[in-house]
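Here is the structure we will look at, set down as structure tokens.
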Amino acid sequence: MNDVVQYLNSSNPETVTTSVKLLLLLTVLSIAPGIIILTTCFTRIIIVLSFVRTSIGTQGIPPNQVLLGLAMFLTFFIMAPTFHEVNKQALTPLFDNKITLEQAYDRASVPVKQYMSKHTRQKDLELFMGYSGLKKPKTINDVPLTTLVPAYAISELKSAFQMGFMIFIPFLVIDMVVASVLMSMGMMMLPPVMISLPFKILLFIMVDGWYLVVKSLLESF
């Protein structure tokens, strides 16, 4: 333990740099879930996939682990160009000791801001900028991340719910038709969900639902 303390308190520049990198890595790993959820397309994807499962009415099928895994890999696929720019402009020079930590942060924020600005509604951004008392920025790089991230998050929520609503409509029609038929036949004690579920699954299979949902998600970005 004493060796670790002496190592961290060393005045050797290389030792201090390594300690800072280790601390930075641990910090990033601790807040990684929040970063992935609020600064990437993960929010929209997982909400839309959850809407699909809820609209079909299959309860826990697919399981949460499957939906989360699919959403995670779709996020990595869509965000690959942005992650590549962050690694190229910020992480690699930082680890090669060519730039400082502050410069790395500034460089890493540029591609992230450019991505989020493409999917952030101006109305949402103006809401947080007005509340913060910020002046109108000349470029998106002048907007602080503390303002851009919540604006991007609520924009993604709206987009996800709009897509979820469109997914709900055909399955809702099936539920209404089945319920009307059962009532007209006097079978009021039979749960309509029990009868409509196979028809909804059949419809989803016939139109190749997962392909269409994933295609719509990819094209929305």
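Computed from a predicted model, the values in this text were never measured in an experiment. Quick note: numbers below take in every heavy atom, side chains included, and nothing from hydrogens, waters or symmetry partners.
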### Task
May I ask whether Leu145 and Phe128 are part of the same hydrophobic cluster, defined by side-chain heavy atoms of I, L, V, M, F, W, Y residues being less than 4.5 angstrom apart, directly or through others?
no
### Query
Say you draw a straight line from CG of Asp175 to CZ of Phe199; how long is it, rounded to the nearest 0.5 Å?
11.5 Å
### Task
Kindly say whether Ile56 contributes a backbone atom to a donor-acceptor pair with the side chain of Lys200 at under 3.5 angstrom?
yes
### Aromatic ring proximity Phe51/Phe161, centre distance under 6.0 Å
yes
Output side-chain donor-acceptor pairs under 3.5 Å for residues 148-157, partner residues at least two apart or in another chain, one line each.
unit_1 : atom_1 : unit_2 : atom_2 : d
Tyr152 : OH     : Thr40  : O      : 2.7
Tyr152 : OH     : Tyr115 : OH     : 3.3
Ser155 : OG     : Arg121 : N      : 3.0
Ser155 : OG     : Asp124 : OD2    : 2.6
Ser155 : OG     : Ala151 : O      : 2.9
Glu156 : OE1    : Arg44  : NE     : 3.3
Glu156 : OE2    : Arg44  : NE     : 3.3
Glu156 : OE2    : Arg44  : NH2    : 2.5

### Message
With rounding to the nearest 0.5 angstrom, report the SG to CZ distance, Cys41 to Phe221.
### Response
4.5 Å
#### Entry: Donor-acceptor pair, side chain of Thr43 and main chain of Ile37, under 3.5 angstrom
yes
### Task
State, to 0.1 Å, how close Pro111 and Val86 come at their nearest heavy-atom pair, and which atoms those are.
CG-CG2, 3.6 Å
### Task
Verify, without hydrogens or angle tests, whether Ser196 (side chain) and Ile174 (backbone) share a donor-acceptor contact under 3.5 angstrom.
no
### Query
Mind checking whether Phe171 and Met206 sit in one hydrophobic cluster, side chains of I, L, V, M, F, W, Y counted as touching below 4.5 Å?
no
### Query
If you take all heavy atoms of Val207 and Leu212, which pair is closest and at what distance?
O-CD1, 3.1 Å
### Task
Any chance you could lay out the side chain to side chain contact (heavy atoms under 4.5 Å, CB included) test for Asn64 and Arg53, step after step, and finish with the verdict?
CA-CA 10 Å; Asn64 291 330; Arg53 184 176 65 180; 2.8 Å; yes
### Query
Between OG1 of Thr82 and CZ of Phe76, what distance do you get to the nearest 0.5 Å?
13.0 Å
### Residue pair Val110 / Gln89, side-chain heavy-atom distance below 4.5 Å
no
### Query
What distance separates Leu74 CG from Met79 CE, expressed to the nearest 0.5 Å?
13.0 Å
### Query
For Ile61, does the CD1 atom sit with more than 12 other heavy atoms under 6.0 Å from it, leaving out its own atoms?
no
### Query
Okay, side chain of Ser180, backbone of Met176: is any donor-acceptor separation there less than 3.5 Å?
yes
### Rounded distance [0.5 Å steps], CG in Leu49 versus CG in Leu217
6.0 Å
### Residue pair Ile46, Leu70: steps toward the side chain to side chain contact (heavy atoms under 4.5 Å, CB included) verdict
CA-CA 9 Å; Ile46 191 61; Leu70 177 59; over 6 Å; no
### Query
Same cluster for Val143 and Leu127 if Ile/Leu/Val/Met/Phe/Trp/Tyr side chains link at under 4.5 Å?
no
### Single-linkage hydrophobic cluster Met166~Leu172, side-chain heavy atoms < 4.5 angstrom
no
## Note on the structure
NZ of Lys88 to CD of Glu85, rounded to nearest 0.5 Å, is 6.0 Å
### Task
Spell out, yes or no, whether Phe77 and Phe83 are grouped together once hydrophobic residues are joined by side-chain heavy atoms under 4.5 Å, including indirect joins.
yes
